[in-house]
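Chain A is the first sequence line, chain B the second, and so forth, proteins listed ahead of strands; every chain is numbered from 1.
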Amino acid sequence: MAERYNINETEKKWRSVWDERQSFKVTEDRTKDKYYVLEMFPYPSGRIHVGHVRNYTLGDVVARYRKAKGYNVIHPMGWDAFGLPAENAAIERGLHPGAWTRSNIVQMKDQLKSMGLSIDWEREVATCEPDYYRHEQKMFLDFLKAGLAYRKESMVNWDPVDNTVLANEQVIDGKGWRTGAPVERRRLSQWFLKITHYADDLLGGLSTLERWPEKVRIMQENWIGKSVGLQFKWNVQGANETIEVFTTRPDTLFGAAFLALAPDHPMSEKLAGGKEGFAEFRRKCQAQGTSEAAIEQGEKFGFDTGYTATHPLLGREVPVYVANFILMDYGTGAVFGVPAHDQRDLDFARKYNLPVRPVVIPEGADPASFEIGKEAYVGPGRLANSQFINGLSVDDAKADIIRRCEEAGTGFGTTQYRLRDWGISRQRYWGCPIPIVHCGNCGVVPVPEDQLPVTLPDDVTFDKPGNPLERHPTWKHVKCPTCGKDARRETDTFDTFFESSWYFARYCDAQNPNAAFGKEKAEYWLPVDQYIGGVEHAVLHLLYSRFFTRALRDCGYLDIAEPFAGLFTQGMVTHETYQDQAGKWLYPTEIEKTADGKVIKVDDRSPVTVGPSIKMSKSKKNTIDPQDILDTYGADATRLFILSDSPPERDLEWTEAGVEGAWKFVNRLHRAVTENADGFAAKDAPKPATFGENATRLRQAAHRAIAGVATDVENFHMNKAVARVRELANALFAFTAATDDERWALREGYESLVRIINPMTPHLAEELWSELGHTTPLVETPWPQAEEALLVSNTVTLGVQVNGKLRASITLAKDADQKVAESAAMEDANVQRAIEGKQVRKVIVVPNRIVNVVVS
RNA sequence: GCGGGCGUGGCGGAACGGUAGACGCAACGGACUUAAAAUCCGUAGGGAGUAAUCCCGUGGGGGUUCAAGUCCCCCCGCCCGCACCA
């Protein structure tokens, strides 16, 4: 009797084998195809969470599978180590952000290692270390030279108590999250990267990203928000002012019923500032909140300035309103309203009794009688009621109006993007210092490259509000690099998206002290073949990285535009929620499920209300600590469960029973191999010349599993891959070998099984592989070859339908003649009965699939 | 409001337009055990029938087709994203 499988010891053993053999260390090898597997690197919060486990398990399956397939696989890991939580720890617990972060990294690295990931740890990076961030300071200087970085004033959320700038998510109901003080809007001079320079390229590049989820590409497309249209002027009557508007529908100019300005448009103040009710109106707009979704439900309303405006081409006056649904940030902050052809304008016009004049008439409608009801007409058609453009199509009319405005000098065709330049200044300590000096003489002076890196001072305190760099007694006082006079260091640091915008390139040459990365190495490894992470980074991180790659290319660092050739976005991990009688949330560890199906509290045995499975969150306490799971069930069972229950792109419902099921399978497989060794052929037994029926059937199961798991893994159908593995396992468990060919097939079957589970449960696979007598570890063993001949069987079972209803099934030789199939189907007793007394009108035979007898 | 996605047993989920429910979880019956756990064998969409077999079933309603979970139209529900983007 074999000993019970000691999961923890065995897993540890194989990890040290991989370590000793440096199994995952890679270097450039031009004789092989490279494959770059990357999971989004973690923020070192201290402990891994289930989302990490899912993310890294998926990546590891891909990495180990590709390695077995013969690719030169790079699979690195690192730490997104700058950021706010470290400063919060400093404020709340008196820990230095650096010390806190570094000790977190140590802990989390241990945890990740216990998952058995195939990581090349020699490529590890931590973005908070000067040997990492020095290179991005250099990049910034290069961007500056290339005109891709610039300084301008912009608004920030300012917490007057903490003396600090707040991120949008730190502003709750207009108040600072920590202090509760009303947030002020302040103007600060800040650094920007010119992502808009690449707006069109970033948009166009999306269509080349075939292995990205459609969803993410659409989100980026919407974010970039390209629109082509006309920008032109209206004259305000009696005010000696003009209003510049942008429109994507210049064709509808003659349907204009009003002009509308954003509430914070400078002209709004000029035209309406002193009017009665305007202050009140503005307050109402602000109370509405800035979130588009909030404004959604809100009513559209406006303030009549009393002025009218005219346009030369139009020759008619329209009223000028200030309206709550116009955004200052987009276009020019002013629009002309065409109620007939825009729903918002229509709603607005109905409210203020403005004329609704259709100017685009759908095909087939009569211009004289066409009327707009509750819905604006936004479709195609011919122009009407529009003087010189009557009869033109929408597109022709747009072009004509733009041409006329340009000729008249009152406007021009232009393209607007929603995308805005990336503000990278953060008024914080725990980030990469911006390598700039401010000199009274010379102005803004870049720190010379030979003086990099500008490192963070360690002796900082968090006992007072504000940025410690600003308060530091000496750090910011420097001599100007140009004139040598007293000057002041920039105390802002980079947005932490800066670090994550190029880390994938650093991994290619992680220890290079002289440059961010060697160009040749980057060119060998990049782009990332498979990037895996949460969909929450669909826009910002992924767009910034795409921008960075282009900027680095233009600064001569590398030769590609797109950093990630393939992207996979995983779903969330959810868990049931529990509440006690008083409605207090309970952790899963605080409850117990009794034998009769009740759920009770562990301590006082009182009943517990079970809620739906939702995204894990601290506030609902429906979290589990992956370390507990790893310790109890081992890495393999944890990985197996995570892969088996749901398709990776969908949410995964975490259940203890599910992990337990995976754990049972791990043990069962171990038992099957160790206890049934007598049933196998000897390790090097020659392949029999012929196989009996039983052996062949088993071999078919094995070879189909080999081929099936491969395609499933390549397509990220990990749950299906696991199902196939279990199918093969079931076939093997049920098999008793009586003859030599069967014993050979049984060994082949188990060896195949062990090899195809290797990407999912690598420790178990290694253990069983060695148990089966192999001395070369599986990590160095290629993916098994599926024999084509065994993937097809020589008989097929096909259903027989009568009038589309299944009545029988028949088994035939594969590719049997249609006539054979037809007669076999017609002879079947059930079919006979079903067609009895009816006339057969047609028999449809789809070879190897189905026969359908149509009777009247 | 716009954009995207999803809806299949008690549950998670399978299913090139071609035998719906693979695989698993939970459940039930049995074996082993003094007993339990573990393990093993078996049953299992709903309904009728001793059975053969039949009827009904993929959110709802229509349609296309020899054949629809799958394709088309309308509707309902849920989830995600967003920027009232002119």
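For the pair A/I642 CD1 and B/C23 C1', the interatomic distance rounds to 18 Å; values are reported in whole Å. Between the CG atom of A/L806 and the P atom of B/A68 there is a distance of 13 Å, given to the nearest Å. Taking atom CD on A/E660 and atom C1' on B/A38, their separation rounds to 11 Å, with Å as the unit. Between A/E656 atom CD and B/C25 atom C1' the separation is 13 Å, expressed in whole Å. Regarding A/I844, its CD1 atom lies at a distance of 8 Å from the P atom of B/A67, rounded to whole Å. Atom pair A/Y417:OH and B/C82:P shows a separation of 22 Å (rounding to whole Å applied). The nearest whole Å value for the distance from the CZ atom in A/F325 to the C1' atom in B/C2 is 16 Å. Whole-Å rounding puts the A/D645 CG to B/G24 P distance at 12 Å.
For A/Y321 and A/F348, the ring centers sit closer than 6.0 Å to each other. A/W654 and A/F641 have their aromatic ring centers within a separation under 6.0 angstrom.
Nucleotide B/U39: paired with B/A31 (Watson-Crick or G-U wobble, both distances less than 3.5 Å). Nucleotide B/C82 is matched to B/G1 when pairs are restricted to Watson-Crick or G-U wobble geometry with both distances under 3.5 angstrom. Pair check for B/G69 finds none; no Watson-Crick or G-U wobble contact set falls under 3.5 Å. B/G10 and B/C25 make up a base pair, with Watson-Crick or G-U wobble contacts both under 3.5 Å.
Remark: the backbone N or O of A/M760 is paired with a side-chain donor or acceptor of A/R639 at under 3.5 angstrom. Listed for the A/N852 side chain is no donor-acceptor partner under 3.5 Å among the backbone atoms of A/I844. Without hydrogens or angle criteria, A/R357 side chain to A/A257 main chain gives no donor-acceptor distance under 3.5 Å. At least one donor-acceptor pair closer than 3.5 Å links the side chain of A/R54 to the backbone N or O of A/G571.
Note: A/Y544 and A/W422 have parallel aromatic rings, judged against thresholds of 30 and 60 degrees for the angle between ring planes. A perpendicular orientation is assigned to the rings of A/H541 and A/H537, their planes being inclined by more than 60° (bins at 30° and 60°). Classified by interplanar angle (parallel below 30°, tilted 30° to 60°, perpendicular above 60°), the ring pair A/F336/A/F232 is perpendicular.
At a threshold of 4.0 angstrom between heavy atoms, the contacts of A/G331 with the nucleic acid are absent. Backbone-only contact: A/S646 has heavy atoms under 4.0 Å from sugar-phosphate atoms and none from a base. Looking at heavy-atom distances under 4.0 Å, A/E727 makes contact with sugar-phosphate atoms alone, never a base. Using a 4.0 Å heavy-atom distance criterion, A/R650 is classed as a sugar-phosphate-only contact. As judged by a 4.0 angstrom heavy-atom cut-off over every strand, A/T655 is placed among residues making no nucleic acid contact. Residue-level contact check: A/R249 touches the backbone only, with heavy atoms under 4.0 Å from sugar-phosphate atoms and none from bases. A/V854 comes within 4.0 angstrom of sugar-phosphate atoms only, judged by non-hydrogen atoms across all strands, and of no base. Within 4.0 Å (heavy atoms only), A/I218 reaches sugar-phosphate atoms of the nucleic acid but no base atom. Nucleic acid contact class of A/R807 (heavy atoms, under 4.0 Å, all strands): sugar-phosphate only.
Base orientation of B/G9: syn, since the glycosidic angle falls within 90° of 0.
Under 4.0 angstrom from either OP1 or OP2 of B/A22 there lies no side-chain N or O belonging to A/R726. When the side-chain nitrogen and oxygen atoms of A/N730 are compared with OP1 and OP2 of B/A22, none of them lie within a distance under 4.0 Å. OP1 or OP2 of B/U53 has not a single side-chain nitrogen or oxygen of A/K805 nearer than 4.0 Å.
Within residues 702-723 of chain A, the residues having any heavy atom closer than 4.0 Å to RNA chain B are, in order of number, A/N719, A/K720, A/A723.
Two residues are said to be in side-chain contact when any heavy atoms from C-beta on lie closer than 4.5 Å; A/R704 and A/E727 fail this criterion.
For the P atoms, the distance linking B/G5 with B/U58 amounts to 23 Å, nearest Å. Comparing B/G45 with B/G9, their P atoms sit 13 Å apart, to the nearest whole Å. Using P as the reference atom, B/A26 and B/U33 are 25 Å apart when rounded to the nearest Å. B/A14 and B/C6 have their P atoms separated by 12 Å, given to the nearest Å. Nucleotides B/G69 and B/G57, compared at atom C1', are 11 Å apart to the nearest Å. Comparing the C1' positions of B/G63 and B/C11 gives a spacing of 34 Å, expressed to the nearest Å. Comparing the P positions of B/G10 and B/G3 gives a spacing of 35 Å, expressed to the nearest Å. Taking the C1' atom of each, B/A52 and B/A67 are spaced 26 Å apart, rounded to whole Å.
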Practice item. If a protein heavy atom is under 4.0 Å from the base, mark B; if only from the sugar-phosphate, S; if neither, -; do that for nucleotides 39-52 of chain B going 5' to 3'. Key: SSS-----------
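For the 3.5 Å distance criterion, the side chains of A/D421 and A/T196 qualify, holding a donor opposite an acceptor.
A salt bridge links A/R217 with A/E214; the closest basic N to acidic carboxylate O contact falls under 4.0 Å.
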Exercise for review: Quick one: do A/N719 and A/D645 satisfy side chain to side chain donor-acceptor pair (under 3.5 Å)? Show the steps, please.
Suggested key: CA-CA 6 Å; A/N719 56 327; A/D645 242 37; over 6 Å; no
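Counting only heavy atoms from C-beta on, A/I850 has its side chain closest to B/U19 among B/C66, B/U19, B/G12. If you check B/A14, B/G12, B/C25 against the side chain of A/P647, the one that comes closest is B/A14.
Heavy-atom distances to RNA chain B give each of A/V335 and A/S644 a nearest nucleotide, and the one nearer the 5′ end belongs to A/S644. Summary of the strand contacts: A/Q220 and A/E649 both lie near RNA chain B, and taking for each the nucleotide with the nearest heavy atom, the more 5' one is attributed to A/E649.
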